[in-house]
2 protein chains.
Amino acid sequence: MGLRERKKQRTRDALIDAALDLFLSQGYEATTIDQIAARVEVSPRTFFRYFASKEDVALSPTADEQEMFLAELVARPLSEPPFTALSQSMRAMLSILKEADGAEASRVVKAQRLVHSTPVLLGGAMRLIRENERRLIAEVARRRGTTPDDLQSQLVVSVFVSIGLLCMDGPTEDLSGLARRYEELLTLAERSLRPGWDLPVRAEAAPASVAS
Amino acid sequence: MGLRERKKQRTRDALIDAALDLFLSQGYEATTIDQIAARVEVSPRTFFRYFASKEDVALSPTADEQEMFLAELVARPLSEPPFTALSQSMRAMLSILKEADGAEASRVVKAQRLVHSTPVLLGGAMRLIRENERRLIAEVARRRGTTPDDLQSQLVVSVFVSIGLLCMDGPTEDLSGLARRYEELLTLAERSLRPGWDLPVRAEAAPASVAS
DNA sequence: TAATTTATGTCAGCTCATGACAGATGACAA
DNA sequence: TTGTCATCTGTCATGAGCTGACATAAATTA
């Protein structure tokens, strides 16, 4: 990789870190682009060459998470039932973050805390999640052998995502706490859902061993 | 009601209608506050005395909906299981909108279409919904005889809300179409959930007529 | 009608965000 | 090494969203 690209990556990371730190210490609205740019020693105009908006930089770790989750899901074996594949993707993502370079994990946790404590960012994060949800639905539909407009596929993704959101609701101290709450919610969800609810109709569990 | 209050209400409604029409015809971002104010013949400054932001006016019908829904839920008899109470509140709200003055219903449908076609407004709407979700959880928790931090209560609300969101995903032509899709999704949900999943643990259905 | 409260308009100012242009810097071939 | 090219960066100008301060106009109350 050339010097140019490395420099760009460093500037980008520096902008994210500076922004997150300023946002968390003095508040999102109270922080100006000028302050972020000054801390990284670039012009305010340059900030906007890296991020489309002030919101963009705050949500960039969340956007990365979404990409990561989708990538995990696509990589899951097709033999897994849809809801299982979703759950496992989340577990995989969490453990990757835990193993990975501390800088990235730190950004994710910081962004999580920031988003959760700033209403306008919460809205932005929800928008990202909703947009990714469409892609998740496409993947789940593929696994269920249906088109993306299949309501049951949409419901499967929707229920899973709502669990993820609940998970983010509590206070985020670190990744382990997040993982713990996630497992707890998953147990509750499985207790509330009918076995096989996420399977394609062809493979649905027979109600009382009666042939259809 | 005095003349002053009536005038204020008329100005407010006029601002909402002007904004929605402009947003829908030429796009949300492409519309300026000046244009909205000019159409109602007030100063731009006055606009901000009625609405905190450009987003606020676009989401005001959605915010009203949220208030309305919560009011319906609180009015539901305590004898109803939580998820039933939620479903019935939605039905009640839809039929009230259908009966009510056409202006309000028109605003709701317009806002729906607008929000669905404007990413930033989608985020804003999600924020409103999430904020109301906290109050819905409190009410559901009360009905289940738990505190608001009870995870199962949160799950009940979360699943219901995710159905509502799915409902809004499709194209919104009118209120009847919305109601139809809602019923369809509700049927699917009930088919996916275990009977009694939303009941307090004390009243949970026994798995096979075995006394606990 | 007079006094008080409240809504509105005007103005100045800040931040966010974008286009245009010029200068600086890394990439690459002769 | 040097010159050329592509790309990144800074400066400037501009417009839109939003807010505080103050004066004016309108409605309420006495």
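Within every chain, numbering begins at 1; the chains are lettered A, B, ... in the order of the sequence lines, protein sequences first and strands thereafter.
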Would you name the heavy atoms of A:Ala92 and A:Glu72 that are closest together and state the gap between them?
CB-OE1, 3.4 Å
Which of the following nucleotides, C:dC16, D:dG10, C:dT8, is nearest to the side chain of A:Lys54?
C:dC16
5' precedence on DNA chain D between B:Ser53 and B:Arg49 (nearest-nucleotide basis):
B:Ser53
Would you mind checking if A:Arg134 and A:Glu139 are paired as a salt bridge, meaning a charged N to carboxylate O distance below 4.0 Å?
no
For the residue pair B:Met126 and A:Met126, what are the closest heavy atoms and their distance?
CE-CE, 3.0 Å
What are the two closest heavy atoms between A:Pro44 and A:Ile33, and how far apart are they?
O-CG2, 4.3 Å
Taking any heavy-atom pair under 4.0 Å as a contact, classify B:Tyr50: base, sugar-phosphate, or nothing.
sugar-phosphate
Starting at atom CG of A:Asp56, determine the distance to atom C1' of C:dC16, rounded to an integer number of angstrom.
13 Å
For residues A:Asn132 and A:Leu128, determine if any side-chain heavy atom of one lies less than 4.5 Å from a side-chain heavy atom of the other.
no
What are the two closest heavy atoms between B:Leu94 and B:Leu175, and how far apart are they?
CD2-CD2, 4.4 Å
Whole angstroms only, please: what is the CD-P distance between A:Gln35 and C:dC14?
15 Å
If we ignore hydrogens and angles and just use 3.5 Å, is the side chain of B:Arg113 paired with the main-chain N or O of B:Pro171 as donor and acceptor?
no
With the criterion being N/O to N/O and under 3.5 Å, what pairs connect the protein with nucleotides 28-30 of chain D, and how long is each?
unit_1	atom_1	unit_2	atom_2	d
D:dT28	OP1	B:Leu3	N	2.8
D:dT28	OP1	B:Arg4	N	2.9

With a non-hydrogen cut-off below 4.0 angstrom, is A:Phe47 in contact with a base, only sugar-phosphate, or nothing?
nothing
Backbone of A:Trp197 reached by a side-chain donor or acceptor of A:Gln152 within 3.5 Å
yes
Expressed as a whole number of angstroms, how long is the span from B:Phe48:CZ to C:dT15:C1'?
13 Å
Using a 4.0 Å cut-off on heavy atoms, which residues in residues 6-34 of chain B reach DNA chain C? List them by number, or say none.
B:Lys8
Nearest-nucleotide comparison on DNA chain C, the residue closer to the 5′ end among B:Glu41 and A:Phe51:
B:Glu41
B:Thr32 and B:Asp34: side chain donor to acceptor below 3.5 Å:
no
Restricting to nitrogen or oxygen on both sides, can you table the protein-nucleotides 11-13 of chain C pairs closer than 3.5 Å?
none

Taking all non-hydrogen atoms of both residues into account, name the closest pair between A:Leu86 and A:Phe160 and its distance.
O-CZ, 3.4 Å
Do B:Arg181 and B:Leu178 have side chains that get closer than 4.5 Å, going by heavy atoms?
yes
